[in-house]
Asks: 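Before anything else, here's the structure in question.
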Amino acid sequence: MAVDNGCIIFELVIFFAHYMKIEVKKILSKQEMKVLELVAKGYTSEKIGGILSIATSTVQTHRRNMLKKSGLANTQQLLGMAYRESLLK
């Protein structure tokens, strides 16, 4: 049985965030949340950059930072966690 360490780490972060009465949304910056919402809608980094008037490289940095903060391996895992934790509707 494979263990997904990224999910375990993010689950612990969320547990402590709830325990300490910190909103899970505060783990990600406002700009990262905007990027995450647009990723969930299926937009590419290039399109997201255009919508938010930021460089594509900035979008990619936000995506990379969200993965680092969450400890998850890929965007699919990040989106799954975001939906489970009601960060996205």
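Bear in mind that the values here come from a model prediction, so they are computed numbers and not experimental data.
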Asks: Once rounded to the nearest 0.5 Å, what's the spacing between atom NZ of K34 and atom CG of L28?
Replies: 13.5 Å

Asks: Under 4.5 Å between any side-chain heavy atoms of T58 and Q31, yes or no?
Replies: no

Asks: I need the minimum non-hydrogen distance between L88 and L79, along with the two atoms involved.
Replies: CD1-CD2, 3.9 Å

Asks: What I'd like to find out is whether the side chain of V59 reaches to under 4.5 Å of the side chain of L52, using heavy atoms alone.
Replies: no

Asks: Would you compute the distance between atom CD1 of I51 and atom CD of E37 and round it to the nearest 0.5 angstrom?
Replies: 11.5 Å

Asks: Among residues at least two apart in sequence or on other chains, which ones pass side-chain hydrogen bond (donor to acceptor under 3.5 Å, both in side chains) with T61?
Replies: R64

Asks: What donor-acceptor contacts under 3.5 angstrom involve side-chain atoms of residues 38-49, with partners at least two apart or in another chain?
Replies:
from: T44; atom 1: OG1; to: E46; atom 2: OE1; distance (Å): 3.4
from: T44; atom 1: OG1; to: K47; atom 2: N; distance (Å): 3.1
from: S45; atom 1: OG; to: R63; atom 2: NH1; distance (Å): 3.1

Asks: What are the two closest heavy atoms between E32 and M66, and how far apart are they?
Replies: O-SD, 3.3 Å

Asks: Please check if the side chain of Q77 supplies one atom and the backbone of A73 the other of a donor-acceptor pair under 3.5 Å.
Replies: yes

